[in-house]
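Working notes, beginning with the structure itself.
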2 protein chains.
Amino acid sequence: MKVSRKKQKAETRQKLMDATAAELASGRSFDTLSLREVAKLAGIAPTSFYRHFHDMGSLGLALIEEQGETLLTLMHHVREQASGGHSLIRTSVETLFDHIFANQGMSRMILLESMSRHSVFREAAEKLFATMSRDLAEFLVWDAKERGVPMGHPQLAANSMVAILFTTGIALLKTPVEDRGRHIEAAIVQLRMIMRGAEAMGQKT
Amino acid sequence: MKVSRKKQKAETRQKLMDATAAELASGRSFDTLSLREVAKLAGIAPTSFYRHFHDMGSLGLALIEEQGETLLTLMHHVREQASGGHSLIRTSVETLFDHIFANQGMSRMILLESMSRHSVFREAAEKLFATMSRDLAEFLVWDAKERGVPMGHPQLAANSMVAILFTTGIALLKTPVEDRGRHIEAAIVQLRMIMRGAEAMGQKT
DNA sequence: AATTTCAGCGTACACTTGTACGCACAACTG
DNA sequence: CAGTTGTGCGTACAAGTGTACGCTGAAATT
């Protein structure tokens, strides 16, 4: 009873996911990873892989879903925390980028897979983006009302923001440390620019 | 002398590139394509591949560079042509998306590779984006002067625009035909929003 | 205590992969 | 015309792939 079976199984399952994530983090693309390879990295026999995932595809899906959830709750927390204060854009940006840095491989994978066509993951990744945008839009509306300013096309504004966040996020992954600050500041200006634009469009129409 | 050697060689080289592009267009990711496979698709023996490219990497690089050039000149033409008229945003967007549609596989590949870490292609793809942004920024400055309106952070505005163009471009590839119009209109609004924002930021500072 | 369950292993098989090597034969060069 | 050049082919091999099959041993259940 020292090590229950369930616990043991969950552990090796996690080992598989961790090994894959680590490999992704080191720059490998997901679809060059073989079942045998991750099995070896996780320290189990190739055939034992099947006890945990039916497929490399299932493993990838599990990874995306795990990552997506933590990302969404993270952003949620940021908004709750910063709701009282201001500089919300700055805090959100910095938090998101921190997270992306801490999970480079996974972030890249999600972004990449969201673009591939037939992939099983595409749906999952797209859903994540859609949810992020929707959450953000909702917040933008609330915030605009709070501040008493108009807001045109909040959903489109949110879409633009998410797009910029992720493209700069990816760009950051390849940027030498000393230049990162500059890029982050640039992203913040870009987001503010969109805010301004949205507000301007809200006044006229 | 009917078929000169040079010509013949150029033809099979093109066959290799075409075969690869076709495969990409059908949704395959570049790094799941094997040398043997594209050789077979091009109708030559696997070992003959080496007469044209030293590597699958070299082939990919050739593809990206080819595509990049046509893309840049295309956007250039659009601007020259539409300079007199207005609705420049609309024309640019539609032209770009048409092009992306006509070359789905390549576009996706460029985007994807621009994000991968160790890839030989990253540099090429990034360079392309940078050039596009720079060209666009240059144009924005010129256009703003022309219209007598201020323009804050033109380079950042251009970056945002390119980011949005490409993310919606990619999204479009997976969108059923009947919804495409809506997405294109959305992209146009997003670009105008950024314009407005940039102009608003230009007035204050 | 006897039985069932099941994570993990090892072997085995049919593929696919990149690429080394040498040959053929048509296009070029002199 | 003879000689060189170089595209393309076929064979061959080592390495890596997914996965079917049957076994083990210990945890879980009875």
Side-chain angles (χ1 to χ4, degrees), chain A residues 1-24 26-63 66 109 113 116 118-121, chain B residues 1-24 26-63 109 112-113 116 118-121:
Chain A
M1 234 255 193
K2 216 171 199 171
V3 267
S4 85
R5 253 196 200 153
K6 282 192 182 178
K7 193 167 181 176
Q8 181 69 341
K9 181 166 185 181
E11 258 172 42
T12 32
R13 184 188 147 103
Q14 196 57 44
K15 259 194 237 166
L16 282 168
M17 294 179 65
D18 289 351
T20 309
E23 211 57 15
L24 288 175
S26 84
R28 288 281 296 276
S29 88
F30 184 82
D31 48 31
T32 63
L33 260 69
S34 70
L35 183 156
R36 286 181 109 105
E37 203 180 350
V38 306
K40 184 176 288 181
L41 288 170
I44 65 173
T47 47
S48 301
F49 180 95
Y50 297 110
R51 306 287 185 198
H52 304 277
F53 299 99
H54 161 269
D55 221 27
M56 275 299 283
S58 317
L59 203 176
L61 210 57
L63 278 173
E66 190 190 60
M109 177 192 170
E113 292 304 340
S116 66
H118 296 320
S119 165
V120 201
F121 315 140
Chain B
M1 233 251 192
K2 216 170 199 172
V3 270
S4 83
R5 251 196 200 149
K6 281 192 180 175
K7 194 168 182 179
Q8 181 70 339
K9 179 163 187 183
E11 260 171 42
T12 31
R13 185 188 146 105
Q14 197 57 45
K15 259 194 237 167
L16 282 168
M17 295 179 67
D18 289 350
T20 309
E23 213 55 16
L24 289 175
S26 84
R28 290 281 296 277
S29 89
F30 183 82
D31 49 29
T32 63
L33 260 70
S34 71
L35 183 154
R36 284 181 108 103
E37 204 179 350
V38 307
K40 184 177 289 182
L41 288 171
I44 65 172
T47 46
S48 300
F49 180 96
Y50 296 109
R51 305 287 184 198
H52 304 278
F53 298 99
H54 163 269
D55 219 29
M56 274 300 283
S58 316
L59 203 177
L61 210 58
L63 277 173
M109 177 194 170
L112 259 55
E113 293 305 339
S116 67
H118 296 319
S119 164
V120 200
F121 315 140

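Quick note: numbers below take in every heavy atom, side chains included, and nothing from hydrogens, waters or symmetry partners. Numbers restart at 1 for each chain; the letters A, B, ... are given by sequence-line order, proteins then strands. Being a predicted model, the structure only gives us computed values, none of them experimental.
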### Rounded distance (Å) that lies between atom C1' of C/dA7 and atom NZ of A/K7
17 Å
### Query
Taking atom C1' of C/dT17 as reference, at what distance in whole Å does atom CG of B/L33 sit?
13 Å
### Query
Can you check the B/D31 CG to C/dT17 P distance for me, whole Å?
14 Å
### Task
List in numerical order all residues of residues 10-19 of chain A for which some heavy atom is under 4.0 Å away from an atom belonging to DNA chain D.
none
Dump the pairs, protein N or O against N or O of nucleotides 14-16 of chain D, anything under 3.5 Å, distances to one decimal.
none

### Message
Closest-nucleotide mapping onto DNA chain C: is B/T32 or B/K6 further toward the 5' terminus? I mean the 5' end.
### Response
B/T32
### Whole angstrom value for the distance that separates C1' of C/dA20 from CG of B/L35
13 Å
### Query
How close or far is atom P of D/dC9 from atom CD of B/Q8, stated in whole angstroms?
10 Å
Please report, to 0.1 Å, the donor-acceptor pairs under 3.5 Å made by any side chain of residues 48-60 of chain A, with sequence neighbours excluded.
none

### Query
Would you say the side-chain atoms of A/S29 and B/D31 include a donor-acceptor pair closer than 3.5 Å?
yes
### Task
Rounded to the nearest angstrom, tell me the gap between atom CZ in B/R5 and atom P in C/dA27.
8 Å
### Summary
Heavy atoms of B/P46 and B/A39 approach each other most closely as CA-CB, 3.7 Å
### Message
Can you confirm whether A/E23 sits close enough to A/F30 that some side-chain heavy atom of one is under 4.5 Å from a side-chain heavy atom of the other?
### Response
no
## Note on the structure
With five pairs defining each end axis, the helix from C/dA1-D/dT30 to C/dG30-D/dC1 comes out bent, to 10°, by 20°
### Query
Residues from residues 40-55 of chain A sitting under 4.0 Å of DNA chain D, heavy atoms only?
A/T47, A/Y50
### Message
Test: side-chain hydrogen bond (donor to acceptor under 3.5 Å, both in side chains). Region: residues 33-45 of chain A. Which pairs qualify, not counting sequence neighbours?
### Response
A/R28-A/E37
